[in-house]
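Both backbone and side-chain heavy atoms feed into the values below; hydrogens, waters and symmetry mates do not. Just follow the structure's listing: the first ligand is 1, and inside any ligand the first atom is 1.
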Amino acid sequence: MLTTNDFIPQAYSHNIESGEFQWSAPSNIALVKYWGKKDNQIPANPSVSFTLNNCKTITTLAFAKKDSSTPLTITNGKFSFDLFFEGKPKEDFKPKIQKFLERIEIYLPFLKEYHFTIDTQNTFPHSSGIASSASGMAALAMNLMSIEKALNPEMTDAYFYQKASLLARLGSGSACRSVKGQVVVWGNQANIEGSSDLYGVEFPNAIHDNFKNFQDTILLVDKGEKQVSSTVGHDLMHNHPYAERRFAQAHENLDKLIAIFESGNLEEFIKVVESEALTLHAMMMTSMPYFILMKPNTLQIINAIWKFRNDTNIPVCFTLDAGANVHVLYPENVSKKVLQFIKDELVGFCQNGQYICDHIGNGALSN
Ligand code: PMV
C-alpha cells in the first residue's frame with residue numbers, strides 16, 4: 001500500500017524556466033457522503049461519487065522561474081502568485097490558495113522556485129450555491145502535476161493521477177474525487193480493491209448499464225452564501241453523539257452500492273442515495289451547535305419527487321450537498337419525462353427558476 005512518503009519526489013531530471021498549462025476539472029456529486037475528517041484531510045469514512053460533466057472549473061496556470069528581473073508578488077514571503085477569477089484579480093481567494101500551497105509544499109518542492117499566474121473560471125454561476133472547491137482544487141492540482149511531469153517526464157500516468165488526487169484532497173476533500181473516472185471512491189473500504197484514504201480511485205467493479213450516462217439536474221434553491229461552511233460541519237463530527245454509528249453506516253452503504261452497481265437495481269439505489277442525503281443533513285441537525293441548511297423549498301421538492309415516483313414508478317431520486325440545492329438523479333432513458341416533471345412541478349421552487357442539467361462525465365481534461 002502506498003504511503004504519503006511515496007509522493008515526496010527525489011531530485012527532478014529536467015529544468016524548466018517557464019511555461020503554461022490549462023486543465024478543466026468537473027464537480028462531483030457524492031452518493032455516500034464524506035462528512036467528518038481526521039487530521040490531514042483523512043476522511044472519517046469512505047465516500048463514492050458520480051463525476052459530473054458540465055459543471056466544471058477551467059484553470060490556466062502560467063509559471064516562470066523567479067529571478068531578479070521578474071516582478072514578484074510575494075505572499076507571506078513564501079509563495080509568489082497572482083490570482084485571476086474570470087479575468088479579474090481576486091484577492092479574497094488568495095488566502096485559501098496560500099494555505100493549499102503550504103499544505104502541498106512537501107510534495108512539490110519546486111513551488112517556491114516559480115512565480116505563478118493562476119487564471120480560473122467556472123462554467124456555472126459563481127453564486128449558484130454549487131461548491132466550486134471540488135472542481136477548482138482539482139483543476140489546480142492537475143496543472144501543478146503537469147509542471148511536475150515536465151520536470152520529471154519519466155513519471156507514469158498512474159502516479160500522475162494518484163498524486164493529482166492526493167494534492168486535490170489537501171485543497172478540499174471532495175476534490176480528490178474530481179480527477180479521473182466516472183464513479184470515484186475515496187477512502188479505505190475492505191471490499192474495494194485499491195481504495196485509499198489518500199486519494200480517489202475509479203470504482204473498480206462492474207457497473208450496470210442502468211447507470212450509463214446517469215443524469216443529474218441541479219435545482220438551485222438557494223444561491224446565497226452558506227451559513228455554516230463544510231469545514232465547520234466536518235469539525236462538528238468530533239464528539240458528535242451519532243458519529244461512530246454514522247461512519248459505520250457509510251461503510252455499510254458503500255458495500256450495498258457495490259452490489260447495486262453490479263445488478264442495476266434502481267429501487268435499492270434510490271434507498272441508499274436518499275438515505276445518505278438525509279443522514280448527512282441529520283448529522284447537521286444533531287451536532288452541537290446544530291444547524292439546518294435545507295430550505296422550505298428543498299422539502300417541497302423532496303415531497304414532489306416522492307409523489308411523482310409513487311404515481312409513475314419512474315426511478316428518479318434526490319440527493320443533497322451541504323446546502324439547500326437539490327440534485328435530481330435519474331437514468332438516461334427516463335430523461336424526457338423527468339425533465340417535463342421538473343419544468344412542470346419543480347422549477348417554481350428554484351430561485352429565479354434556475355436549474356442546471358448535467359450528467360456523468362469522465363474527469364479532468366487538459367486543453
Ligand atoms: O470537500 P468538502 O470539505 O467541501 O466536503 C464536502 C462534503 C459533502 O459535499 C457534503 C459530501 C461529499 O462527500 O461531497
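- Numbered from 1 in the order shown, with element, the atoms of ligand 1 that lie under 4.0 Å from a heavy atom of Ala322 read 10 (C).
- The residues Lys90 and Asp92 are annotated as salt-bridged, a charged nitrogen and a carboxylate oxygen being separated by less than 4.0 angstrom.
- At distances below 3.5 Å, at least one donor-acceptor pair connects side-chain atoms of Arg169 with backbone N or O atoms of Asn40.
- Where the criterion is an N or O separation shorter than 3.5 Å, residue side chain and backbone included, His234 meets it with respect to ligand 1.
- Cation-pi geometry between Lys163 and Phe7 is not met: the NZ or CZ atom fails to fall both under 6.0 Å from the ring centre and inside 45° of the normal.
- For ligand 1 and Gly173, the ligand atoms under 4.0 Å from any heavy atom of the residue are 1 (O).
- The closest approach between any non-hydrogen atom of Arg177 and ligand 1 is below 4.0 Å.
- Protein heavy atom at the shortest distance from atom 8 (C) of ligand 1 is Tyr34 O, 3.9 Å.
- At a heavy-atom distance under 4.0 Å, no atom of Ile29 approaches ligand 1.
- Checked by atom type and distance alone, the side chain of Asn210 pairs as donor or acceptor with a backbone atom of Gly264 at under 3.5 Å.
- Between Thr120 and Thr59, the closest heavy-atom pair is OG1-OG1, 2.9 Å.
- Taking every heavy atom of both residues into account, Val228 and Gly233 meet most closely at CG1-N, 4.3 Å.
- For Lys271 and Glu268, the salt-bridge test passes: some basic side-chain N is under 4.0 Å from an acidic carboxylate O.
- Here's the thing with Lys33: none of its N/O atoms is less than 3.5 angstrom from an N/O atom of ligand 1.
- Between Phe116 and Phe63, the ring planes are tilted. Angles from 30° to 60° get that label.
- Close approach of ligand 1 to Ser230 (heavy-atom distance below 4.0 Å) involves ligand atoms 4 (O).
- Polar contact with ligand 1: absent for Asn28 (N/O pair, distance under 3.5 Å).
- The protein heavy atom nearest to atom 6 (C) of ligand 1 is Ser174 OG, 4.0 Å.
- In terms of N/O distances under 3.5 Å, ligand 1 is not approached by Trp35.
- Nearest protein neighbour of atom 9 (O) of ligand 1, counting heavy atoms only, is Asp321 OD1, 3.5 Å.
- Residue-to-ligand polar distances keep Lys37 apart from ligand 1: every N/O pair is separated by 3.5 Å or more.
- Contact atoms of ligand 1 toward Leu280: 10 (C) (distance under 4.0 Å to a heavy atom of the residue).
- Under 4.0 angstrom from ligand 1, the non-hydrogen atoms of Ala30 all belong to its side chain.
- For Tyr34 and Trp186, the gap between ring centers is short of 6.0 Å.
- Ring geometry for Phe110 versus Tyr114: interplanar angle over 60°, hence perpendicular rather than tilted (30 to 60°).
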